[in-house]
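Working notes for the structure below.
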Amino acid sequence: GENVEQHPSTLSVQEGDSAVIKCTYSDSASNYFPWYKQELGKGPQLIIDIRSNVGEKKDQRIAVTLNKTAKHFSLHITETQPEDSAVYFCAASRNPRGGYQKVTFGIGTKLQVIP
Amino acid sequence: GAGVSQSPSNKVTEKGKDVELRCDPISGHTALYWYRQSLGQGLEFLIYFQGNSAPDKSGLPSDRFSAERTGGSVSTLTIQRTQQEDSAVYLCASSTGTGAPGANVLTFGAGSRLTVL
């Protein structure tokens, strides 16, 4: 089955600096890579995703990059703000047409943005 | 409802007792997942339901764990003879289901925090 590794497990940055979280996956058939943000006391929420036919995707201060050859993908947050403090999870899954897809998550990264 | 609803939000039980955790997915979502979140362990897949298909139970850690989904909507996760290592947050998520737009996007509930004394 799929195995997703994520690092670092904790990350502290000064407000305004950038934060980078990296993940690797094992199943070359995986083609969908979402990122979820979990705030304290809440369930994870999708913040951005990328499919295997795209190398990079950006949404305001958040960007994801994907290297299918190396089987790794990364989340980049620029100009960090205190409200970015949360646990971030990467994930991988297949997206077969009409088929079951199981989402495998990384262990999570606790990001702390220091004002 | 507007979101995924889980109950109870907190449950404290004694070792050896049975517990039931409930998940009410978004109306119309045919796919439902249960995950377990333990400290330092990330999100551990437990079970997946998709419409009327046989569920994928491959993530259930032991035969003390079971889940059902009645009428394609509400799901109940049951843990029998609870052990201290069962203490965790149990998260439920739903999605639109196989082949539908947004099928990959999981909407999570806030979770049920289980503490086994």
Side-chain angles (χ1 to χ4, degrees), chain A residues 1-10 21 23-25 27 29-54 57 59 64 73 86-110, chain B residues 2-7 9-10 21 23-26 30-60 88-113:
Chain A
E2 176 65 275
N3 181 47
V4 177
E5 295 190 355
Q6 180 174 351
H7 60 96
S9 55
T10 60
I21 302 170
C23 290
T24 60
Y25 61 99
D27 187 353
S30 290
N31 56 11
Y32 175 68
F33 308 93
W35 287 86
Y36 285 78
K37 175 183 180 182
Q38 185 178 30
E39 298 176 338
L40 200 61
K42 298 182 179 179
Q45 183 175 10
L46 180 73
I47 55 171
I48 194 167
D49 56 14
I50 191 168
R51 298 185 184 274
S52 60
N53 58 347
V54 176
K57 183 176 178 181
D59 182 5
V64 291
F73 56 114
V87 178
Y88 291 80
F89 293 96
C90 62
S93 74
R94 303 182 184 186
N95 183 27
R97 293 180 181 179
Y100 162 60
Q101 58 106 17
K102 177 177 173 179
V103 184
T104 303
F105 286 85
I107 199 169
T109 296
K110 185 175 182 180
Chain B
V4 177
S5 178
Q6 291 189 246
S7 62
S9 55
N10 278 285
L21 307 176
C23 173
D24 202 341
I26 291 175
T30 60
L32 186 147
Y33 301 76
W34 282 98
Y35 284 85
R36 179 168 69 176
Q37 185 173 22
S38 305
L39 197 61
Q41 296 299 315
L43 297 175
E44 178 189 4
F45 168 79
L46 296 178
I47 190 169
Y48 166 84
F49 295 92
Q50 169 59 60
N52 295 321
S53 302
D56 179 352
K57 304 179 181 180
S58 61
L60 295 178
V89 175
Y90 290 83
L91 290 163
C92 175
S94 69
S95 74
T96 54
T98 302
N104 298 97
V105 180
L106 304 186
T107 301
F108 283 87
S112 292
R113 179 176 296 277

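Labels below follow one simple rule: chain letters A, B, ... track the order of the sequence lines, proteins then strands, and each chain is numbered from 1.
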At what distance, to the nearest 0.5 angstrom, does [atom1] of [X] lie from [atom2] of [Y]?
{"X": "T104(A)", "Y": "E44(B)", "atom1": "OG1", "atom2": "CD", "value": "11.5 Å"}
{"X": "L91(B)", "Y": "F105(A)", "atom1": "CG", "atom2": "CZ", "value": "9.0 Å"}
{"X": "Y35(B)", "Y": "F89(A)", "atom1": "OH", "atom2": "CZ", "value": "11.0 Å"}

Practice task
Run the numbers on L43(B) and Y36(A) for side-chain contact (heavy atoms from CB on, under 4.5 Å), then give the verdict.
Solution key: CA-CA 11 Å; L43(B) 297 175; Y36(A) 285 78; over 6 Å; no
Handout entry: Portion of Q6(B) that has a non-hydrogen atom of chain A nearer than 4.5 angstrom
Key = neither
Handout entry: Engaged part of Q38(A) at the chain B interface, taking heavy atoms whose separation is under 4.5 Å
Key = side chain
Handout entry: Proximal component of P44(A), with respect to chain B [non-hydrogen, under 4.5 Å]
Key =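 P44(A) touches chain B through backbone and side-chain heavy atoms alike.
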Fill in the blank from the handout: If you tally heavy-atom pairs under 4.5 Å between each of G106(A), G43(A), G1(A), P34(A) and chain B, the highest tally belongs to G43(A)
Handout entry: N52(B), CG: over 12 other non-hydrogen atoms inside 6.0 angstrom
Key = no
Problem - Over all atoms of both residues, closest heavy-atom pair of A110(B) and G41(A) - result: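 In terms of heavy atoms, the two residues are closest at CB-O, 4.1 Å.
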